[in-house]
S.K.: 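One structure coming up, written as structure tokens, with questions to follow.
What you see is a predicted model, and the numbers here were worked out from it, not measured in a lab. Worth knowing before you read on, the calculation uses all heavy atoms, side chains too, and leaves out hydrogens, waters and symmetry mates. First the proteins, then the strands, lettered A, B, ... as listed; each starts at 1.
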There are 2 protein chains.
Amino acid sequence: MKGHQVTIIDIARKLNLSKSTVSRALTGHPSVHPETRKAVLALAEEMDYQRNMLSISLLQRKSNIIGIIVPEFFSSYFPQAITGAQEIASQAGYNTIICHSNENYETEIANTKMLLAAQVDGVIASLTKETRNFDHFKIFERKGIPIVFFNRVCEEMSVPKVLVDDYEGAYRAVEHLIQRGKKRIAHLAGPDSLAISNKRLMGYRDALRRNNVPIDEDLIIPYDLTITKVKIYLNYLMQLDNPPDAIFAINDPTAVEILQQAKKKGLKVPEDLAIVGFSNDYVSALTDPPLTTVSQPVKEIGRAAAQLLIDQINRDVTDWKAIIKVLKTELIVRQSS
Amino acid sequence: MKGHQVTIIDIARKLNLSKSTVSRALTGHPSVHPETRKAVLALAEEMDYQRNMLSISLLQRKSNIIGIIVPEFFSSYFPQAITGAQEIASQAGYNTIICHSNENYETEIANTKMLLAAQVDGVIASLTKETRNFDHFKIFERKGIPIVFFNRVCEEMSVPKVLVDDYEGAYRAVEHLIQRGKKRIAHLAGPDSLAISNKRLMGYRDALRRNNVPIDEDLIIPYDLTITKVKIYLNYLMQLDNPPDAIFAINDPTAVEILQQAKKKGLKVPEDLAIVGFSNDYVSALTDPPLTTVSQPVKEIGRAAAQLLIDQINRDVTDWKAIIKVLKTELIVRQSS
DNA sequence: CTGTTAGCGCCTTCAT
DNA sequence: ATGAAGGCGCTAACAG
């Protein structure tokens, strides 16, 4: 934007026309002489004219930008979800600004401020594991900017959300381990700040309870998703008097790390220790042995979130609908269990 | 942006001040009464006032947005590179708009048009495997908008680029296979539209040549990076009268797929077939056996690209420098070779 | 079919 | 220390 930008005025001058006529020709307005239109379009092309969205956004009070905030970019989950969201957004004429909060609450706040300043028309977000206060998200609501959460959602805000049946998925995963004959099933859980952690934990508990497997609180370890800590918890678990014979992990990166550490300890998977993850990340099919996991339709989640958001944007603030969309998971049984 | 946006005028009215005074207070201009400033800042806070970047961008003819175009989001490479780039960009006060071309030439063109319309101050790009014409990128140069390529760079444009020593990396990888006693080393190469394909291929050839291993053109297969085709090529190779005893793959996803398919065929890795990849993706350490690969400092590549871009943005068009930064790779030997 | 005018929200002269 | 005026690039309303 440093060199001289070609504007409508440049074209108007060269063609001896008014700005408005040029503008009309460029925007496909019907009432403009075919000859004039042709001349304008030809010159615009020749001069590499490009509409300045900034001014249009300012004028129309609509930026056609959607902000997306995700906590990390490490697993294949969020990149995939973003891909789905962008697909729908760009079809609807929206650009996207992607932010990662890097699992950091302060960064998340900074991201929301930035999106606000950028005048986004809507926001799709998934929380950091640290987020317990939601004021920075509530500002959007107050300003009439719709927001949609997915995966890591804000429970206390009544806005659209896209989820999977975490409880169900966890339940089936654990029941599967029981059917495999496992009696001491541990759960490496997520932090209790995240609703998905709690839902998966509930699925775990209920699966044990209904199958009359005693619940041992020592086998339930909530952790902060810092992958390097997995080793410590695995050591702890295996040194119990009555160690687990299976672990259900909150997500695939965790399961993969358990697997690596278990192998290092000389444990046989699944004989000594069965492992089940959650999400069906790209890696989970490639490990040795391949990982049993609960798959979710990640791209579809992104698509759904974008669609719900665009619906909200097109609706008047007064009839916003807090639709909660729950997608299905599927248990994928591989050789780690 | 649908509800009423709080503007400087709103604040001015409530405080019985002029717009300019409020603006000055907000921007930290020195010549404003401390009392006034305090009142303005307090009210701004209370009203959730947020500066409208659109108008500022329009006025200053600088959007503070950097566009990033990458071909895919599937391997961990591009997400990681983007993370590095955003780190530097946001430190320097730039937002980023991320586009994926999805390995599609037309989409790449659409992306560049969009970034142009969004008035980005600069662009970081990595080409699709299909891109052979670069007019859509040259427009940026012509308009005085700097552009930096990384990984998949445009050879015919004299702009900053960030690369790794692909030739070196490939050379060392192949030499390593030779040292392991392999005699028939195949290369699953990338499409010749990409410079990195050719450089890695040259490294492969030279390593064989200098070590007096005959080059068999039948063992060199350029392909379009469509992962599903790997199976076909592996079948072809293994059915040769004199099949390969090792394969050097253009990248890790390819190597991982070769590994999976080889195992399906009952081949022992590395005894029957050694495999080496390129990039040290997250997965490559987790496969069975873990993959030998050439690692690159991906995040650092992203950082370097962003830094070079910001340097260009801050320089006058007349003294843009086409700095080419080459980062080091490192051979990581694991059990697949 | 074309031209004129006004203004989106902000900052920057220039004036007081 | 504060105000008033102008304009970034564009479109929409109102005139012909």
S.K.: Please report the distance, rounded to the nearest Å, between CD1 in B:Ile9 and P in D:dA5.
M.R.: 14 Å
S.K.: Through what angle, rounded to 10 degrees, does the axis of the helix from C:dC1-D:dG16 to C:dT16-D:dA1 turn between its ends, using five pairs per end?
M.R.: 50°
S.K.: Heavy atoms from C-beta onward define the side chain here; which of C:dC14, D:dC10, C:dG9 lies closest to that of A:Tyr49?
M.R.: D:dC10
S.K.: Is the distance between the ring centroids of B:Tyr105 and B:His136 under 6.0 Å?
M.R.: yes
S.K.: Of the nucleotides D:dC10, C:dC1, C:dT12, which has the atom closest to the A:Ser31 side chain?
M.R.: C:dC1
S.K.: Which one, C:dT13, C:dG3, D:dG9, comes nearest to the side chain of A:Arg24?
M.R.: C:dG3
S.K.: Over how many whole Å does the gap from B:Ile11 atom CD1 to C:dC10 atom P extend?
M.R.: 8 Å
S.K.: Which residue pairs pass the salt bridge (charged side-chain N to carboxylate O under 4.0 Å, His left out) test with at least one member in residues 301-312 of chain B, sequence neighbours excluded?
M.R.: B:Glu87-B:Arg303, B:Glu300-B:Arg303
S.K.: Taking all heavy atoms of A:Pro71 and all of A:Ser101, pick out the closest pair and write down the distance.
M.R.: CA-OG, 3.2 Å
S.K.: Would you confirm whether A:Ser193, through its side chain, and A:Lys129, through its main-chain N or O, come within 3.5 Å as a donor-acceptor pair?
M.R.: yes
S.K.: Which listed nucleotide (D:dT11, C:dC10, D:dC8) is nearest to the side chain of B:Leu58?
M.R.: D:dC8
S.K.: State which of D:dT11, C:dG9, C:dT2 makes the closest approach to the side chain of A:Ser18.
M.R.: C:dT2
S.K.: So which nucleotide from C:dC11, C:dT2, D:dT11 ends up closest to the side chain of A:Thr27?
M.R.: D:dT11
S.K.: To the side chain of A:Ser20, which of D:dC8, C:dT2, D:dA12 is closest?
M.R.: D:dA12
S.K.: Could you give the CG-to-C1' distance, from A:Asn52 to D:dC10, as a whole number of Å?
M.R.: 8 Å
S.K.: Residues in salt bridge (charged side-chain N to carboxylate O under 4.0 Å, His left out) with A:Glu141, at least two apart?
M.R.: none
S.K.: Specify the separation, in whole Å, of atom NE2 of A:His33 and atom P of C:dT2.
M.R.: 7 Å
S.K.: Given D:dT2, D:dG9, C:dC10, which nucleotide is nearest the side-chain atoms of A:Gln5?
M.R.: D:dG9
S.K.: I need the NZ-P distance between A:Lys19 and C:dT5, as an integer number of Å.
M.R.: 10 Å
S.K.: Within the pair B:Thr36 and D:dT2, is there a side-chain N or O less than 4.0 Å away from OP1 or OP2?
M.R.: yes
S.K.: For the pair A:Phe78 and A:Phe150, name the ring-plane relationship: parallel under 30°, tilted 30 to 60°, perpendicular over 60°.
M.R.: perpendicular
S.K.: If I take atom CG in residue B:Leu59 and atom C1' in nucleotide C:dT12, what distance separates them, rounded to the nearest angstrom?
M.R.: 8 Å
S.K.: Which word best sums up how the rings of B:Phe73 and A:Phe73 line up, parallel for under 30°, tilted for 30 to 60°, or perpendicular for over 60°?
M.R.: perpendicular
S.K.: Taking OP1 and OP2 of C:dG7, is either one under 4.0 Å from a side-chain nitrogen or oxygen of A:Arg61?
M.R.: no
S.K.: Any ion pair linking B:Glu156 and B:Lys138 (charged N to carboxylate O, less than 4.0 Å)?
M.R.: yes
S.K.: Whole angstrom is fine here: how far is it from CG in A:Leu15 over to P in C:dG3?
M.R.: 10 Å
S.K.: From the options D:dA12, C:dG7, D:dA1, select the nucleotide whose nearest atom is closest to the side chain of A:Gln60.
M.R.: D:dA12
S.K.: Expressed in angstrom and rounded to an integer, what is the separation of B:Ile8 atom CD1 from C:dC8 atom P?
M.R.: 13 Å
S.K.: Any idea which of D:dT2, C:dC8, C:dC10 is nearest the B:Ser55 side chain?
M.R.: C:dC10
